[in-house]
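Only one structure is covered here, and it is reproduced in the block below.
In this text, all values refer to a predicted model and were calculated from it rather than measured experimentally. Residue numbers begin at 1 in each chain, while the letters A, B, ... track the order of the sequences.
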There are 2 protein chains.
Amino acid sequence: MLIEIDFNSSEAIYEQLVDRIIVGIATEEFHDGDALPSVRQLADMIGINMHTVNKAYGVLQQEGFVKIDRRRGAVIAVDIDKLQALREAEDILGVIFARTHCRGVTRKEVHELVDRIYDQYERKDVR
Amino acid sequence: MLIEIDFNSSEAIYEQLVDRIIVGIATEEFHDGDALPSVRQLADMIGINMHTVNKAYGVLQQEGFVKIDRRRGAVIAVDIDKLQALREAEDILGVIFARTHCRGVTRKEVHELVDRIYDQYERKDVR
DNA sequence: TCTTTGTTATATCATCACTATAACAGAAAG
DNA sequence: CTTTCTGTTATAGTGATGATATAACAAAGA
């Protein structure tokens with residue numbers, strides 16, 4: 001479990017944690033049923049406050065990526081909600097692709113970028 | 001010039017302004033050389049403070065979407081920097097697509113989403 | 001001269017991110 | 001039963017940020 005935090009980033013620590021763990025799930029570094037470190041453990045590992053980790057876990061629970069078990073702590077449990085995910089992504093991508101398009105990035109180049117990223121999450125030979 | 005602000009959003013007003021104007025450029029609502037309203041005008045139109053608009057214009061200048069002309073105010077002037085744009089997009093998209101992938105959204109569905117968004121920015125029949 | 005432009009300088013207020021302690025109940029292990 | 005670990009809750013302080021309110025200035029244009 002390798003989680004690196006950029007303390008110079010303007011992105012909040014707890015958000016970096018959330019993102020990092022979600023990417024970890026996507027890359028199959030974490031699997032459904034796996035338990036994350038306890039809030040105190042992870043806080044000590046990274047060198048931050050317990051509540052910052054707790055907030056990240058709370059967000060992950062809220063967003064449907066983990067369930068909190070009083071005995072085992074935060075356990076990976078991904079809610080599949082394709083429609084919701086597509087709707088959320090659409091708004092954000094609209095703004096991101098407006099930027100790329102203005103800067104001269106073509107539709108084709110974006111498709112290639114999508115493939116490059118999705119290759120990290122699903123083996124090509126599987127489909 | 002229609003700019004709507006969601007005052008209930010957790011996204012900062014100046015960031016909403018920046019995003020809205022960039023999308024406006026992408027959809028060719030604004031063209032290179034067009035002048036945006038003065039900071040005071042736009043602030044009055046929206047009903048917000050002058051400095052909030054000023055900050056948005058400052059960010060747009062920093063990111064290379066407008067140039068500030070003391071006579072004409074903020075003028076659309078897009079810096080083309082494909083490589084920089086691709087690099088910036090890659091980081092953000094990595095996290096976004098991690099989310100969609102976890103939620104069961106397939107690579108194909110993402111490609112379709114990309115096409116739907118890019119259709120708003122470039123006419124299909126042009127290429 | 002009068003108006004409008006961007007620019008700069010203060011000051012205030014609310015919210016947020018993060019930290020620091022502290023205490024509690026539930027569960028597991030000795 | 002006691003100890004230890006878990007998440008949970010509460011409270012408080014600090015620093016940064018977003019937004020507001022005034023105010024004043026120089027440059028440009030009518």
Side-chain angles (χ1 to χ4, degrees), chain A residues 1 3-22 30 32-77 79 95, chain B residues 1 3-22 30 32-77 79 95:
Chain A
M1 169 98 163
I3 292 190
E4 290 190 350
I5 298 296
D6 177 4
F7 291 100
N8 293 321
S9 169
S10 65
E11 195 185 4
I13 296 175
Y14 81 94
E15 283 177 339
Q16 292 186 48
L17 264 177
V18 168
D19 287 347
R20 176 65 189 82
I21 289 168
I22 291 178
F30 310 129
D32 256 57
D34 286 356
L36 294 172
S38 78
V39 289
R40 288 176 176 84
Q41 274 181 357
L42 187 51
D44 284 347
M45 286 167 53
I46 304 176
I48 58 176
N49 192 276
M50 179 197 73
H51 293 100
T52 307
V53 178
N54 196 245
K55 177 157 189 178
Y57 283 6
V59 171
L60 285 168
Q61 181 187 29
Q62 197 67 30
E63 291 194 20
F65 288 97
V66 308
K67 287 186 175 167
I68 310 278
D69 185 324
R70 180 169 269 282
R71 288 166 294 181
R72 305 183 56 211
V75 178
I76 308 286
D79 276 352
V95 180
Chain B
M1 170 99 163
I3 292 190
E4 290 189 350
I5 298 296
D6 178 4
F7 292 100
N8 294 321
S9 169
S10 66
E11 195 185 5
I13 296 175
Y14 82 94
E15 283 177 340
Q16 292 185 50
L17 264 177
V18 169
D19 287 346
R20 175 66 190 81
I21 289 169
I22 291 177
F30 310 130
D32 255 58
D34 287 355
L36 293 173
S38 78
V39 288
R40 289 175 176 84
Q41 273 181 359
L42 187 51
D44 284 346
M45 285 168 52
I46 303 176
I48 58 176
N49 192 276
M50 179 196 72
H51 292 100
T52 307
V53 178
N54 196 246
K55 177 156 189 179
Y57 283 7
V59 172
L60 285 168
Q61 183 187 26
Q62 198 67 30
E63 291 194 19
F65 288 98
V66 307
K67 287 188 174 165
I68 309 277
D69 184 325
R70 181 169 266 282
R71 290 166 292 181
R72 304 181 58 211
V75 177
I76 307 287
D79 276 353
V95 180

Distance, rounded to the nearest Å, where [X] contributes [atom1] and [N] contributes [atom2]:
X	N	atom1	atom2	answer
B:Phe7	D:dT20	CZ	C1'	13 Å
B:Arg72	C:dG6	CZ	P	12 Å
B:Asn54	D:dT22	CG	C1'	15 Å
A:Ile13	D:dA16	CD1	C1'	13 Å
B:Asp69	C:dT7	CG	C1'	14 Å
A:Leu36	D:dT6	CG	C1'	14 Å
A:Glu15	C:dA17	CD	P	7 Å
A:Lys67	D:dG7	NZ	C1'	17 Å

- prompt: Stepwise, does the side chain to side chain contact (heavy atoms under 4.5 Å, CB included) test hold for A:Ile21 with A:Phe65?
  reply: CA-CA 9 Å; A:Ile21 289 168; A:Phe65 288 97; over 6 Å; no
Sorted by chain and residue number, the side chain to side chain donor-acceptor pair (under 3.5 Å) partners of B:Glu63 (sequence neighbours excluded) come out as A:Arg99
Step by step, work out the side chain to side chain contact (heavy atoms under 4.5 Å, CB included) result for B:Asn54 and B:Tyr14.
CA-CA 9 Å; B:Asn54 196 246; B:Tyr14 82 94; over 6 Å; no
Of B:Arg40 and B:Lys55, the one whose closest nucleotide on DNA chain D sits nearer the 5' end is B:Lys55
Tested for side-chain contact (heavy atoms from CB on, under 4.5 Å) against A:Leu17, the lone hit among A:Leu60, A:Val59, A:Ile48 is A:Ile48
Pick base, sugar-phosphate or nothing for [X], based on heavy-atom distances below 4.0 Å to the nucleic acid.
X	result
B:Gln61	nothing
B:Gln41	sugar-phosphate
A:Tyr14	sugar-phosphate

Item to complete: Applying side chain to side chain contact (heavy atoms under 4.5 Å, CB included), run through B:Leu42 and B:Leu36 and close with a yes or a no.
Response: CA-CA 9 Å; B:Leu42 187 51; B:Leu36 293 173; over 6 Å; no
Between A:Thr52 and C:dT19, is there a side-chain N or O to OP1/OP2 distance below 4.0 Å?
yes
* Phosphate OP1/OP2 of C:dT5 contacted by B:Ser38 side-chain N/O (<4.0 Å) -> yes
- Message: Any heavy-atom pair between the side chains of A:Pro37 and A:Tyr57 that's under 4.5 Å?
- Response: yes
_Would you say CD of B:Glu11 has more than 12 non-hydrogen atoms from neighbouring residues, nucleotides or ligands within 6.0 angstrom?_
yes
Nearest-nucleotide check on DNA chain C, A:Asn49 vs B:Tyr57; residue mapping nearer the 5' end is B:Tyr57
Between the protein and nucleotides 9-15 of chain C, which nitrogen or oxygen pairs come in under 3.5 angstrom?
residue : atom : partner : partner atom : Å
C:dA9   : N6   : B:His51 : NE2          : 2.8

